[in-house]
**Student:** 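I'd like to ask you about the structure that follows.
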Amino acid sequence: MSFSSKILDWYHENKRSLPWRKSTDPYKIWLSEIILQQTRVEQGLPYFEKFKATFPTVFDLAKAPADQVMKLWEGLGYYSRARNLHFTAKFIATELNGIFPNTHTAILGLKGVGPYTAAAIASFAFGLPHAVVDGNVFRVLSRVFGIKTPIDTTLGKKEFNQLADTLLAKDKAAVYNQAIMDFGATQCTPANPNCTICPMQKHCTAFSDKLIPVLPIKSKKIKKRDRFFNYLVFKNADTIVLNKRQQKDIWLNLYDFPLVEANSLLSEKELLENEVFQKIIGTQAFTIKKASKPFKQLLTHQKIVAIFWEIELKSALLVNDSSFFEVKQKNINNFAFPKIVDLYFKDKSLYLELF
DNA sequence: AAGACGGGGGA
DNA sequence: TCCCCAGTCTT
C-alpha cells in the first residue's frame, strides 16, 4: 500500500473535527490558515470563531478599522499576520470585487500568503493538486523516509517539497493534505510519538534506526537579546497617555506607553536623569506615584523585562511625540496591547489602584 | 542565507 | 530552559 493510502486510511479513522473543514469558502479557509501559521490549533480556534462571527465576509473585514482588527488579534502574536490579513481583505474587496483568486499563482501572490498557505487554500478551497509542507509534514516525511537534510535550509526545503509533491494524492489533494497534517499533529508528534500503534511503523526509517528523537533536523539556532522597558504611565484625572507603536520593531501598530528603553531597569534617580525621560516630560510638574513590579515576556528573539512607572500629572501631558495621545481610562479596551502591557493592566493591585 | 516576528504549551 | 507550533517577510 502506498504512503498516501496509508495516511488516508489513518485519517479516516482518526481525523479531528475542525470548524474550517466544514466549508470550502476560500475566505474562511484563508482566514483559518493565516491564524494557524506558527500557531497551535487549540490556540487559534477561538480566534477563528471570533473573526468568522465579526467578519462573515471579506467585505466586512475589508471595511473594518485597523484598530478593530488588531484588537481581535490581540494575544495571538505575529501581528504582521493581522496587518497583512486586513491589507489583503481590502485588496480582494476593492480590486477583485470580493472574488477570491482561484489559481495557485494568484493565491501565492497575496500578501501574507507563502508557499504553505497557498497550497492549503488551493487544495482545500479549489481542489488543486498542491502539496502542503508545514512543520507537521517536515516531521512526518523526515522520519518515515529518514531524511537528515536540515529543514531550515534552501536545500532541505527543496528536497521536502519535491518529495511532498510526488507523494501527493493528486485527485484528492484536499483530504490528503488535511490527513498528513493531522497525522503529524496527533500521531507523529514532536516529542514522544506513540510509535507502537503507528501504521507507518514497519516502513518508518527513523523508527528502525532509532532516529525518532533527532528528526527532523534543524541547523540554525536563534539567539535572544535582553531588552529593558521603562514604561511611563502618565495619569491625569481620568485619562492616561498611550503610545501607538510605529517604528520598525516588535508590536507594530499595537499600543503601549511612552517608553524609556535602556540597558537595564532604571532606578528612580536614573529615570529622572534620563535624557529620553526629560525630553518626554519637558517642564511639566509631575509626581512619581509608584513603580510596578518587573514583568517579563519571552519572544522568539528577545527577552523583555518591563516596569511601569505610574506618574501623576497636574494637567494634560504636553505631547511632543505624534505617537502619544490621551485616552479616557474607560476607553482603553478599544486598543490592542502587547501581552506584557496586558499583564500589567490585569495585575490585581495595580488594576485596583489605577481604575 | 540569515534574522525578525508572539505567545502558549509540553517536556 | 528549550523546543515546537497548519510560516512569511525583510535584509
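Note that this is a predicted model, so its numbers are computed, not measured. Lettering of chains follows the sequences in order, A, B, ..., and the numbering in each one begins at 1.
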**Student:** Are A:D347 and A:K293 ion-paired here, with the side-chain N under 4.0 Å from a carboxylate O?
**Tutor:** yes
**Student:** Below 4.0 angstrom, N of the basic side chain to O of the carboxylate: do A:D238 and A:K328 qualify?
**Tutor:** yes
**Student:** Could A:K50 and A:Y47 be counted as a cation-pi pair, given that NZ or CZ must be under 6.0 Å from the ring centre and within 45° of the axis?
**Tutor:** yes
**Student:** More than 12 heavy atoms of other residues, nucleotides or ligands under 6.0 Å from CG of A:D249: is that the case?
**Tutor:** yes
**Student:** A:S219 or A:W251: which one's nearest nucleotide on DNA chain B is closer to the 5' end?
**Tutor:** A:S219
**Student:** So which nucleotide does B:dG6 pair with, by the Watson-Crick or G-U wobble rule with both distances under 3.5 Å?
**Tutor:** none
**Student:** Nearest of B:dA2, C:dA6, B:dG6 to any side-chain atom of A:K220?
**Tutor:** B:dA2
**Student:** Which atoms of nucleotides 1-4 of chain C (N or O only) lie under 3.5 Å from a protein N or O atom, and what are those distances?
**Tutor:**
from: C:dC4; atom 1: O2; to: A:R40; atom 2: NH2; distance (Å): 3.3

**Student:** Rounded to whole Å, how long is the line connecting atom CG of A:D152 with atom P of C:dC5?
**Tutor:** 12 Å
**Student:** For a quick test of reading the model, state the closest non-hydrogen atom pair linking A:R139 to A:C188 and the distance between them.
**Tutor:** NE-O, 2.6 Å
**Student:** What integer distance in Å separates A:R16:CZ from C:dA6:P?
**Tutor:** 7 Å
**Student:** C:dG7 phosphate, OP1 or OP2: any side-chain N/O from A:Q38 under 4.0 angstrom?
**Tutor:** yes
**Student:** Atom CD1 of A:I34 to atom P of C:dT8: distance rounded to whole Å?
**Tutor:** 7 Å
**Student:** Which residue in the set A:F234, A:W309, A:F277 passes ring-ring contact (aromatic ring centres under 6.0 Å, His included) when paired with A:F286?
**Tutor:** A:F277
**Student:** Is A:W20 touching bases, backbone alone, or none of the nucleic acid, heavy atoms closer than 4.0 Å?
**Tutor:** base
**Student:** Closer than 4.0 Å, any side-chain N/O of A:Y79 to the OP1 or OP2 of B:dG7?
**Tutor:** yes
**Student:** Counting only side-chain heavy atoms from C-beta out, which of C:dT11, B:dG8, C:dA6 sits nearest to A:K248?
**Tutor:** C:dT11
**Student:** Just call it for A:G75: base, sugar-phosphate, or nothing, with non-hydrogen atoms closer than 4.0 Å on any strand.
**Tutor:** sugar-phosphate
**Student:** Would A:K346 pass as a cation-pi partner of A:Y344, given that its NZ or CZ must be under 6.0 Å from the six-membered ring centre and within 45 degrees of the axis?
**Tutor:** no
**Student:** Which part of the nucleic acid, if any, lies within contact of A:S80, taking any heavy atom under 4.0 Å across all strands shown: a base, the sugar-phosphate backbone alone, or nothing?
**Tutor:** nothing
**Student:** Classify A:L85 by what it touches in the nucleic acid, base, sugar-phosphate, or nothing, heavy-atom distance under 4.0 Å.
**Tutor:** nothing
**Student:** Is it true that A:D182 and A:R21 have a side-chain N and a carboxylate O under 4.0 angstrom from each other?
**Tutor:** yes
**Student:** Expressed in angstrom and rounded to an integer, what is the separation of A:Y78 atom OH from C:dG7 atom P?
**Tutor:** 10 Å
**Student:** Report the distance from atom CG of A:L76 to atom P of B:dG6, rounded to the nearest whole Å.
**Tutor:** 11 Å
**Student:** Round to the nearest Å and state the distance from A:F87 atom CZ to C:dC9 atom P.
**Tutor:** 11 Å
**Student:** Just the rounded figure in Å: distance from C1' of C:dC5 to CG of A:L45.
**Tutor:** 14 Å
**Student:** Only one of A:F324, A:F335, A:Y231, A:Y79 forms a ring-ring contact (aromatic ring centres under 6.0 Å, His included) with A:Y255, so which one is it?
**Tutor:** A:F335
**Student:** Roughly how many Å apart are B:dA11 and C:dA6, using the P atom of each and rounding to a whole number?
**Tutor:** 15 Å
**Student:** When you compare C:dT8 with B:dG8, how far apart are their P atoms, in angstrom units rounded to a whole number?
**Tutor:** 22 Å
**Student:** Which residues in residues 103-123 of chain A have at least one heavy atom lying under 4.0 Å from any atom of DNA chain B?
**Tutor:** none
**Student:** To the nearest angstrom, how far is A:E33 atom CD from C:dG7 atom P?
**Tutor:** 9 Å
**Student:** Indicate yes or no: does A:E275 engage A:K279 in a salt bridge with an N to O separation below 4.0 Å.
**Tutor:** no
**Student:** Given B:dC5, C:dA6, B:dA11, which nucleotide is nearest the side-chain atoms of A:N192?
**Tutor:** B:dA11
**Student:** Identify which nucleotide among C:dA6, B:dG3, B:dG6 has an atom closest to any side-chain atom of A:M181, counting heavy atoms from C-beta outward.
**Tutor:** C:dA6
**Student:** Just compare B:dG3, C:dA6, B:dG6 and give me whichever is closest to any side-chain atom of A:R81.
**Tutor:** B:dG6
**Student:** Below 4.0 angstrom from OP1 or OP2 of B:dC5, is there any side-chain N or O of A:Q302?
**Tutor:** yes
**Student:** Heavy-atom count check: over 12 atoms from other residues, nucleotides or ligands less than 6.0 Å from A:K244 NZ?
**Tutor:** yes
**Student:** When we call it a touch if two heavy atoms are under 4.0 Å apart, what does A:D342 touch: a base, just sugar-phosphate, or nothing?
**Tutor:** nothing
